[in-house]
Amino acid sequence: MSHETQSFEPHVCPPGIVHRFDNFLRPFIHNPKKLFGPYLKPGQTALDVGCGRGFASIGMARLVGPEGRVVSADLQPEMLDMLRERARSAGVLDRITFHRCESDRIGWDGKADFALAFWMLHETPDPAQFFSELSGIVKENGALLIVEPKGHVRKKAFEESIRLGEANGFVLAERPKVRLSLAALFRLPS
């Protein structure tokens, strides 16, 4: 079935749109090693929520190394299929677990040292529930990086997201600079 005839949740970015910004140039704009390297160590577990075609998942799989694990979660099976092929080509398929989210929750019952929501929080139907679920996934002293597209998400809405994160037990640790984006790194204290 082509994406033109598929129905998507009104708040979910369809695969055709994702191809426009997640292409071969993306690593030059959003370098995974620079973005995620400060927060990920070899052997750790990372969760990429709303992984799309997997620019972040593949980069994080390289950072966690052969002993580490990346859980790539997305609502759309087409995105997971695209990521699977890209991960195979990149030689990191064995480090990635593919997880299909539900429309209203992540639905993964593991624990992660680092969780990422890159340009997707604004697509969640209930951001408060999203942060609540992540507070049960991120390990104590773990990190959660939220990145939203500047312009598409207004600063006031992003500040509300930060408030929701804090209301669910996360502590704002820093505001890293990410091109074309608003970003917040949270820690989950013990």
Task: Backbone of T45 reached by a side-chain donor or acceptor of D113 within 3.5 Å - done: yes
TODO: May I ask whether L188 and L172 are part of the same hydrophobic cluster, defined by side-chain heavy atoms of I, L, V, M, F, W, Y residues being less than 4.5 angstrom apart, directly or through others?
DONE: yes
Open item on the list: Please determine whether residues V49 and L83 belong to a single hydrophobic cluster, defined as Ile, Leu, Val, Met, Phe, Trp and Tyr linked transitively by side-chain heavy-atom distances below 4.5 Å.
Closed with: no
TODO: Decide yes or no for F55 and D48: does some side-chain heavy atom of the first lie under 4.5 Å from some side-chain heavy atom of the second?
DONE: no
TODO: List for me each residue that meets ring-ring contact (aromatic ring centres under 6.0 Å, His included) alongside F131, sequence neighbours excluded, and say none if there are none.
DONE: F186
Open item on the list: Please confirm whether the ring centroid of H122 lies under 6.0 Å from the ring centroid of F158.
Closed with: no
- [ ] Answer yes or no: is there a side-chain heavy-atom contact under 4.5 Å between D104 and D126?
- [x] no
Task: Closest non-hydrogen atom pair between L145 and P176, with its separation - done: CD1-CG, 3.8 Å
TODO: Find out whether V171 and E166 are in side-chain contact, i.e. whether some heavy atom of one side chain is under 4.5 Å from a heavy atom of the other.
DONE: no
TODO: Would you name the heavy atoms of P32 and G59 that are closest together and state the gap between them?
DONE: CB-CA, 3.6 Å
Open item on the list: Between R105 and E102, does any side-chain N to carboxylate O distance fall below 4.0 Å?
Closed with: yes
Open item on the list: For S181 versus H30, what's the shortest heavy-atom pair and its separation?
Closed with: OG-NE2, 4.0 Å
- [ ] Treat each ILVMFWY residue as a node, draw an edge where side-chain heavy atoms are under 4.5 Å apart, and state whether Y39 and I137 are in one component.
- [x] no
Do any side-chain atoms of residues 63-71 form donor-acceptor pairs under 3.5 angstrom with protein atoms, and if so which ones, sequence neighbours left out?
from: R69; atom 1: NH1; to: D94; atom 2: O; distance (Å): 3.4
from: R69; atom 1: NH1; to: R95; atom 2: O; distance (Å): 3.1
from: R69; atom 1: NH1; to: I96; atom 2: O; distance (Å): 3.4
from: R69; atom 1: NH1; to: T97; atom 2: OG1; distance (Å): 3.2
from: R69; atom 1: NH2; to: D94; atom 2: O; distance (Å): 2.9

Open item on the list: Treating R86 as the side-chain partner and R53 as the backbone partner, does any N or O pair qualify as donor plus acceptor under 3.5 Å?
Closed with: yes
- [ ] For residues R100 and L80, determine if any side-chain heavy atom of one lies less than 4.5 Å from a side-chain heavy atom of the other.
- [x] yes
TODO: Could you pull out the closest heavy-atom pair between A183 and V147, with the gap in Å?
DONE: CB-CG2, 4.1 Å
- [ ] Using modelled atom types only, decide if a donor and an acceptor are shared between the side chain of K33 and the backbone of M60 within a distance under 3.5 Å.
- [x] no
Open item on the list: Any side-chain to backbone donor/acceptor pair from D74 onto G52? Under 3.5 Å, distance only.
Closed with: yes
Open item on the list: Would you say V92 ends up clustered with F36 if hydrophobic residues are merged whenever their side chains have heavy atoms under 4.5 Å apart, either directly or through other cluster members?
Closed with: yes
Open item on the list: With a 3.5 Å distance limit and no angle check, can you tell me whether E148 reaches the backbone of F118 through a side-chain donor-acceptor pair?
Closed with: no
TODO: Mind checking the NE2-CG spacing from H99 to L75? Nearest 0.5 Å is all I need.
DONE: 10.0 Å
TODO: Apply the side chain to side chain contact (heavy atoms under 4.5 Å, CB included) test between I146 and each candidate in L164, L121, L182, L185; give the one that qualifies.
DONE: L121
Task: Side chain S135, main chain E133, donor-acceptor under 3.5 Å - done: no
Open item on the list: Does any part of the side chain of F130, heavy atoms only, come nearer than 4.5 Å to the side chain of N168, both counted from C-beta?
Closed with: no
TODO: Could you tell me which non-hydrogen atom of P125 sits nearest to which non-hydrogen atom of S103, and how far apart they are?
DONE: CG-O, 3.5 Å
Task: Side chains of N141 and R187 in contact at under 4.5 Å (non-hydrogen atoms) - done: no
Open item on the list: Nearest 0.5 Å, please: how far is CZ in F98 from SG in C51?
Closed with: 8.0 Å
Open item on the list: Looking at every non-hydrogen atom in both residues, tell me the closest pair between L116 and A56 and how far apart they are.
Closed with: CD2-CB, 3.5 Å
Open item on the list: So that I can tick it off, tell me whether R163 and E160 are bridged by a salt bridge, with the cut-off set at under 4.0 angstrom between side-chain N and carboxylate O.
Closed with: yes
Open item on the list: Please check if the number of heavy atoms outside K111 that lie under 6.0 Å from its NZ is greater than 12.
Closed with: yes
TODO: Decide yes or no for L134 and L47: does some side-chain heavy atom of the first lie under 4.5 Å from some side-chain heavy atom of the second?
DONE: yes
Open item on the list: I'd like to know if the side chain of S89 and the backbone of E85 have a donor-acceptor N/O pair within less than 3.5 Å.
Closed with: yes
Open item on the list: If hydrophobic clusters are built by linking Ile, Leu, Val, Met, Phe, Trp and Tyr wherever their side-chain heavy atoms come under 4.5 Å apart, do M120 and L144 end up in the same one?
Closed with: yes
Task: More than 12 heavy atoms of other groups within 6.0 Å of R154 CZ - done: no
